[in-house]
Structure formats: C-alpha cells, structure tokens
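Start at 1 and go down the list; that is how both ligands and their atoms are numbered. The model shown is predicted, which means the values in this text are computed figures rather than measured ones.
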Amino acid sequence: MRVLRKTAVSAAVAAVVLAVSAASSDASTAGGPKGFRPPADSLRALAAPINLAVGTAIIPFDLDHPDYAKIAGEQFSTVTPGNEMKWQVVEPTRGTYDWSGGDRLVEFARKHNQKVRGHTLLWHNQLPTWLTEGVNNGTISNDELRSLLRKHIFDEVTHFKGKIWQWDVANEFFTDSNPSRINPNNFWVAHLGEGIIADAFRWAHQADPHALLFYNDYNIAGEDGSNAKSDAVYAWVKEQLKQGVPIHGIGDQGHLDTQFGFPTQMKADLQRFADLGLKVAITEADVRTFVNNPTEQVPTSNLALLAHPYEFSEMLKACLAVRECLSFTVWGFGDADSWVPGFFTGEGYATIYDVNLNPKAAYTAMQEDLALAAHGAPHRPGSHHHR
Ligand code: XIL
C-alpha cells in the first residue's frame, strides 16, 4: 500500500510540476524581478498555484555560503530573519542602530522575489542588556521604558517600511498553564501592564499601515493537548478586535515534538481565528525528536523517523485547509542550523534537510502535499497587503 501510494503521489507531483512549468511565468515570478526562476519542483513553485507562501527563517545568517543560499533562494517564497530584527541585535548600544543584517535579508529577498516576515518587535527575550539592566537597577523608569519601546517600534517599522509583508508585532505573552492567561510576570506586562500589547500594534500600524500585523506564539493550536492557551489567545484577540486594535493575523509558531504526537485540532484552531476575520500563518515550523548525538542527529527511535515527516505533513495540511493561512514558514531548513539541539537537551532532527543539507522525507512529504493541494486546496486571497 505504502509503495502504491508513493507511486501515485510521485506521479501527481510530476504532473503538477509539468503544469507549473508550463505556467511558470505567472506562478513563480509574479510581482518580482524577472531574472530569478525557482525550479518547478521547489516548494515555492509547487505552492504558487494556490498562492501559499512557503518560508524559512534564515539561521544562521549564512547567506555567503553558496549551498545554503541556493536552497534559501530556490525553495522558499518568504524569509524571516532568525535574529537580525530583534531589539538586542538592532540596538546593541543605546541610541545606535545596526540594521545591516535586516537590510541584507531584505535585499536577498528582493533578488529572489521573496516576501519578508519581520520578527519581532515586542518580546521578553533577546532584549539589549542596556535596557534590561537599566530597568532592573532603576535608572530606566516605567515611563521611560514605555517611550523607549514606542521609539523602538516606530524606528524599526519605519526603517523597513514597505518591505515587510507580515510583522510579528508581539511574541509569547501567554502562560502554558490551564487555564492560560497573559503572563503577569512577563517583563513588559509587569512594568507596563497588559495594554502595552495593544499599544505596540497601534504604533506599528501607524508606522507602516500596509504591513500585516501578527500576534505570534507557540502552543496555540493545541500542541499540549489541552487547547487552553489557544482558548486564551482566542478570547483576547476577539476582545482586541472589538476595541479596534489593528491586529491582522495570528501566527502559530508550530514547534512540534514527536513525543507528544500531532495536535489534531490544529486546523480547527486556525480556522476559528480565521473566522474572526484574521489571517493565520505557521511561522516557525519544526518537529524535534530525541537523537543519538547533536552532530549526526540520528533519531533514537525508528518510530520518530515516521512521525517526523508525518507531523510536518499534517501541520502543512492544517494550513492548506484554511483559506486565510497565508504562509507556512520553517524555523531554519537544515538540522545543522536548527536552534533545537541548543535549546532542548538530547533533541534534534527538527528540520526538513539533514546535517549535510540533503532533503529528508519531510521535504518530500511537503512537496507531495503541495502538489496535491494544487488540485483541491482553497486559493489564498491574492493581495500582498492588508485591505
Ligand atoms: C531563536 C533563534 O532561532 C536562536 O538563534 C536564538 O538564540 C533564540 O531564539 N521562538 C521565537 C524565535 O519566536 O525568535 C526563537 O528563535 C525560537 C522560539
């Protein structure tokens, strides 16, 4: 059965590749420089007929490495800086900006006809030391902190104005408890109150009225099995929309772990956000599992070898099934570059290419899903910008 299904699916991929090649002038080069044409069997070309953006975070910032840059440019139609737009990186010294990494990525994206997801304006992690130290030792008051944040958001969004498709405005504010709520101990909430999240969206919207503004978090599509965090974000965003806060989308990071199984309500959770009039996106997809060592990253269980492509595929299909799901972004495409081994002890094998940048079964599964979706999945709204 497995072999038969594979054969049928490979035939379908081949058929769609032919169709896409025939129509590739509009499918894969629309709206950008004419010179760059991705391969017909690339993820981005297969996703083009249904207008789904397939993305990657750029980690590490290795765009000089030809093998790395080739995959980044050919396979993906949207890119996210893994770190280069975070406050710690853009303002390492108070008052001195360094936009070089972000600018470089924007230029890479322009050359490869890619859209850019900006990440992230308001988060409790990767803040500059001068800021956190100043707050902790009392030299930066809460009033000053608020104006520093306002300036940070205005300056950064203005610097990249017109070049960012989706901004992850606010990142990771909710607790993983059941019930979940906005974390009162979050650095920003503790000093400035919950309303600071809405203010961040208002400031970002003023600075670039055409960018799509996202709230981004993990475990908001039932990943822990309870759906509590999803419920809390849902109630919160519904209330924000009622109050006219300019939030346009919800990003589920999509950091999965094979030991917990696939969160089967992901599609329903994405759909109910969409039913509020929001866009949705998978913003940081990876599927980690236990591995025998952090260099080779060979899964310790054979079952994980099956679960890994399965979970990538199910996650992609959840997005494909929801018309408002605009993009599916993986958090780095190669196992050697993934954040997982550094953050989850004993785990790895989280991405769609192996440590030598060879595509894994998860990559092929995504190709198959995209090829088949071209025949059935809803076509995304065409507009680049909000409204
Ligand atoms: C990670 C980066 O990949 C690492 O390089 C960095 O050291 C820490 O942050 N959720 C997020 C991302 O929103 O910004 C994080 O990225 C991964 C978890």
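Here the rule is ring pair (Phe, Tyr, Trp, His ring centres under 6.0 Å) with Tyr353, and of Phe312, Phe76, Tyr363 only Tyr363 fits it. Partner of Tyr218 under the side-chain hydrogen bond (donor to acceptor under 3.5 Å, both in side chains) criterion, chosen from Asp176, Asn171, Asp224: Asp176.
Grouped by direct or indirect side-chain proximity (heavy atoms under 4.5 Å, Ile/Leu/Val/Met/Phe/Trp/Tyr only), Val89 sits alone.
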Only pairs under 3.5 Å count here: list side-chain donor-acceptor contacts from residues 53-66, not counting sequence neighbours, and write none if there are none.
residue: Asp64; atom: OD1; partner: Arg104; partner atom: NH2; Å: 2.9
residue: His65; atom: ND1; partner: Asp67; partner atom: N; Å: 3.3
residue: His65; atom: ND1; partner: Tyr68; partner atom: N; Å: 3.4

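Residue pairs meeting the side-chain hydrogen bond (donor to acceptor under 3.5 Å, both in side chains) criterion with at least one partner in residues 282-291, sequence neighbours excluded, are Asn216-Thr283, Asn216-Glu284, His255-Glu284, His255-Asp286, Asp257-Arg288, Thr258-Thr289, Asp286-Trp339.
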After noting the C-alpha distance and the side-chain angles of Asn51 and His379, does the key distance pass the side chain to side chain donor-acceptor pair (under 3.5 Å) rule? CA-CA 6 Å; Asn51 208 25; His379 192 278; 4.8 Å; no
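Residues with a heavy atom under 4.0 Å from ligand 1: Ile59, Asn83, Lys86, His119, Trp123, Gln126, Asn171, Glu172, Gln253, His255, Glu284, Trp331, Trp339, Phe343.
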